[in-house]
Q: 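Provided herewith is a single structure, encoded as structure tokens, for subsequent inquiry.
In this chain, residues are counted from 1 in sequence order. All values derive from a computational prediction rather than experimental measurement.
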Amino acid sequence: YEFKNGQAKDAETALKVASDALKDYEKTAGENRAEDVKKLHQEIDDLSGQLEHQKDREGVTKKIASWWDRVAKWLKS
């Protein structure tokens, strides 16, 4: 939640690490899950390059939290 605290660069770094991990997971996720994983890491990549320009900190923070929840559900199933 670095972004919520005004630390866009730290949040960008954390999102890059998450995206890279998802790219690795995509390779082993299986055919059904791989497309969802690919879409998610693309969403993360798209947003992470624009964090400094985002005005809606709360909305972005909620989006990031929703990504976390999505991945957690994948790993439980």
Q: Distance check, rounded to the nearest 0.5 Å: Leu51 atom CG versus Gln7 atom CD?
A: 12.0 Å
Q: Among pairs that include at least one residue of residues 16-25, which meet side-chain hydrogen bond (donor to acceptor under 3.5 Å, both in side chains), considering only residues two or more places apart or in two chains?
A: Lys16-Asp20, Ser19-Asp45, Lys23-Asp45
Q: Which atoms form the tightest heavy-atom contact between Ala29 and Ala34, and what is the distance?
A: CB-N, 4.1 Å
Q: Check for me, please, whether Leu22 and Leu75 land in the same ILVMFWY cluster - side-chain distances under 4.5 Å, paths through other members count.
A: yes
Q: With rounding to the nearest 0.5 angstrom, report the CD to OG1 distance, Gln54 to Thr61.
A: 10.5 Å
Q: Can you tell me how far apart NE2 (His53) and CG (Leu47) are? Round to the nearest 0.5 Å.
A: 11.5 Å
Q: Taking only residues at least two apart or on different chains, which pairs with a member in residues 62-77 satisfy salt bridge (charged side-chain N to carboxylate O under 4.0 Å, His left out)?
A: Glu43-Arg70
Q: Can you list everything that forms a side chain to side chain donor-acceptor pair (under 3.5 Å) with Glu12? Sequence neighbours excluded, please.
A: none
Q: To the nearest 0.5 angstrom, please state how far the CG atom of Leu40 sits from the CD atom of Gln42.
A: 9.5 Å
Q: Using 0.5 Å steps for rounding, measure from the CD atom of Glu26 to the CG atom of Asp36.
A: 10.5 Å
